[in-house]
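The next block holds one structure in the form of structure tokens; read it before the comments.
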Amino acid sequence: MRLSRYFLPTLREDPAEAEVVSHKLMLRAGMIRRLASGIYSFLPLGLRALRKVENIVREEMNRAGAQEILLPLVQPAELWKETGRWDKFGKELLRFKDRKEHDFCLGPTHEEVITDLVRGEIRSYRQLPLILYQIATKFRDEIRPRFGLMRGREFIMKDAYSFDANEEGLNKSYRLMYETYERIFSRCGLRFTAVLADTGTIGGEESHEFMVLAETGEDVIVSCPSCGYAANLEMAEAVQNFSYPEEEEKTLEKVSTPDVKRVEDVAAFLGVPTWKLVKTLIYLVDNKPYAILIRGDHELNEVKLRRALGAEVVEMADAETVERLTGAPVGFAGPIGLSGIVIIADKAVAGLKNFVTGANEKDAHYINVNSPRDFEIDSFYDLRNVTQGDLCPRCGKPLELTRGIEVGHVFKLGSKYSEAMGATFLDRDGKEKPFVMGCYGIGVSRTLAAAIEQNHDENGIIWPLALAPFHVALLTLGPGDQELFEASEKLYHALWEKGVEVLWDERDERPGVKFKDADLIGLPYRIVLGKKFKSEGKVEIKPRTQKEAFLLSEEETINFLASEIQRACQSK
RNA sequence: CGGGACGUGGCUCAGCCUGGUAGAGCACUGGGUUCGGGACUCAGGGGUCGCAGGUUCAAAUCCUGCCGUCCCGACCA
């Protein structure tokens, strides 16, 4: 492609609308433009990069024996009512009516549609296993879209669904997809890790998330360098047993704490460490009130809470509810004297002596609180977030916390959807059974953003070869120089013939402009025809990852680039 | 949905507090010089200041409402 004819509007300055680096760079490099919040157009360069990801995904899915299909974005409400998700999914599901006043939605995911398709066509265990996938647009009316393609409302996703006759088959399909995902993200040139994950609203039994490691990631990954254990924050078990020093139980005492509410403030005011405070959080768990006790220096994880209680919905009680249940404004809740409310606690609270709690009274706390002497705890669960210094649940060595971007997610669904929708097949024993399903997603557009989050410097993007929209930027300096232009044109065609994708900057621009744009766009190799070519007949080559350039003849340049690209991009 | 910020040529922003002729840089068009890290110069084109009300002799500026965008929290590929 000739840059002078290419629709590539690069920006000198950071656009005001972008905050994170991938978003800024994609806008500046002319890859995307915003149409509405969380909704983006892809420009030629952005689309080329997107297609690179898609093609790797497609090749590896096909290799695994999955078959590509394309399902509708617009879906009738009836299907969603069959599984009960029409009511459960909430506002993320964008709903509307057609001209006949029938309810429809834009597909945020496709379990219903795929299950409907398969139940009509697959009748026998002999047709299993079956894995189908698509690469298509999804729409989720996110509460807060942000960070450009990282959390858009409309986005490109690869979603796959496996159908098996039994658990054993599902385990095999799951394993196959897991391994396929490892191949996909490796081929993309990304540093990633797979972690144990919660199954969330899609539901199911087992689940892993694939996380691209990046400082700017929204998710926290807990991993053990010693044994390889890795989980996200919702799943990582906080197993540490705290052995608190033996202490006499002192006399319970109410103290005045005027206007002191926050944990740090209370601790400072009373002169005790934050871990000797116990927070009392009032939650509505499936609309039943719970008081949850957690150490002052720990954080409650709502997903853990939901899982521990086997609940559907957990939400923090609002200020009025807290006041009604505890008789005190927010900030002074405590377990002593509460009635009509279940009291549970995080495991780390067990064995804690002479701690501090709210007194259910404005401007007052209790000190020297002890359980069960002063109140009873119904039960203990793992409810807190793992923190730096916690120990691995498998091997007991210290855990590490890092950040990541979730780019893929694999689930074992079991028969949740097939049962709800009556999707059955006839098994070998002559009995009707529901399909045992798995579902496997990759955020394709998000993967692109994650790749940039992980690979950039202060000058712009640094594309991994496999994802680069073009492999090479060819800069011709010296405008109007016929010799340089003709040599460039020859080289340009020769490279394309060898399968090297070249973006040729033959614009009538000064060298500085070309260098800046080349760095910004971040193609893996930059080759320059300028002074050195005029004097020595050599082409200057600089990998985007390196500071220094080197010189090669035209022929060497072609061979070098062709072999580099073949090495990095061919499906292994 | 709660909390915060913002909306002025294509882009980044100033002007608003203290009402009175709409500005700068970049980008764009034409001319000249320049050409290995975002050149210089001359001449130009382009904005009903997000929208709608209100206050005022007069509103980008003050007030009210709405819309849009971004950031922080609960959701997720």
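- Judged by atom type and distance alone, A:Glu540 reaches the base of B:G36 through a side-chain donor-acceptor pair under 3.5 Å.
- A 3.5 Å limit on both hydrogen-bonding distances identifies no Watson-Crick or G-U partner for B:C16.
- A 6.0 Å sphere centred on CD of A:Glu299 holds no more than 12 heavy atoms belonging to other residues, nucleotides or ligands.
- Of the side-chain N and O atoms in A:Arg510, none sit less than 4.0 angstrom from OP1 or OP2 of B:U34.
- Taking the C1' atoms as reference points, B:G50 lies 16 Å from B:A5, given to the whole Å.
- The same atom, C1', is picked in B:C67 and in B:C51; the two are 7 Å apart, to the nearest Å.
- Within a 6.0 Å radius of NZ in A:Lys288, other residues, nucleotides and ligands contribute 12 heavy atoms or fewer.
- By the 5.5 angstrom centroid cut-off and the 30-degree plane limit, A:Phe155 is classified as stacked against the base of B:A77.
- Considering A:Ile344, A:Ile292, A:Leu309 in turn, A:Ile292 is the only one that fulfils the side chain to side chain contact (heavy atoms under 4.5 Å, CB included) rule with A:Tyr283.
- For the C1' atoms, the distance from B:A52 to B:G7 is 16 Å, rounded to whole Å.
- Only the C1' atoms considered, B:G25 is 27 Å distant from B:G20, to the nearest whole Å.
- Within 6.0 Å of atom CD in A:Glu536, more than 12 heavy atoms from other residues, nucleotides or ligands are found, so the atom counts as buried in its surroundings.
- The P atoms of B:G68 and B:U41 are separated by 44 Å, rounded to the nearest whole Å.
- Between the base of B:C75 and the side chain of A:Arg151 there is a donor-acceptor pair shorter than 3.5 Å.
- The 5' end of RNA chain B is approached more closely, in terms of each residue's nearest nucleotide, by A:Ala16 than by the other of A:Ile143 and A:Ala16.
- Straight-line distance between the C1' atoms of B:G47 and B:A27: roughly 15 Å, to the nearest whole Å.
- Looking at residues 474-485 of chain A, you'll see A:Leu477, A:Pro479 sit with a heavy atom under 4.0 Å from some atom of RNA chain B.
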Between A:Thr180 and A:Glu60, does a side chain to side chain donor-acceptor pair (under 3.5 Å) hold up when you go through it step by step?
CA-CA 6 Å; A:Thr180 298; A:Glu60 292 301 331; 6.0 Å; no

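- Using atom P as the reference point in both B:G54 and B:U61, the two lie 14 Å apart (nearest Å).
- On a pure distance criterion of 3.5 Å, no polar donor-acceptor pair joins the side chain of A:Asp508 and the base of B:C35.
- A heavy-atom distance below 4.5 Å is not found between the side chains of A:Lys412 and A:Met437.
- The partner of B:C1 is B:G73, by the rule that a Watson-Crick or G-U pair needs both atom distances under 3.5 Å.
- For A:Arg146, a side-chain nitrogen or oxygen approaches OP1 or OP2 of B:C72 to under 4.0 Å.
- Note on ring orientation: taking the six-membered ring where Trp is involved, the planes of A:Tyr492 and A:Trp504 are tilted (angle from 30° to 60°).
- Listed pair A:Ser37 / B:C70 meets the phosphate criterion, a side-chain N or O lying under 4.0 Å from OP1 or OP2.
- Atom pair A:Glu218:CD and B:A77:P shows a separation of 12 Å (rounding to whole Å applied).
- For B:U34, there is no paired nucleotide, since no Watson-Crick or G-U wobble pair has both relevant distances below 3.5 Å.
- Scanning atom types as modelled, no donor and acceptor separated by under 3.5 angstrom connect the side chain of A:Arg153 and the base of B:C76.
- Not one side-chain nitrogen or oxygen of A:Arg12 sits closer than 4.0 Å to the OP1 or OP2 atom of B:G10.
- Looking at heavy atoms from C-beta onward, A:Ile452 lies in side-chain contact with A:Trp463 at the 4.5 angstrom threshold.
- The nucleotide B:A52 finds its pairing partner in B:U64, both defining distances of the Watson-Crick or G-U wobble pair being shorter than 3.5 Å.
- Under the Watson-Crick and G-U wobble criteria, each requiring two contacts below 3.5 Å, nucleotide B:G10 is paired to B:C26.
- Nearest-nucleotide positions on RNA chain B place A:Glu19 closer to the 5' end than the other of A:Gly443 and A:Glu19.
- When the C1' atom is used for both B:A60 and B:U21, the distance is 14 Å, rounded to whole Å.
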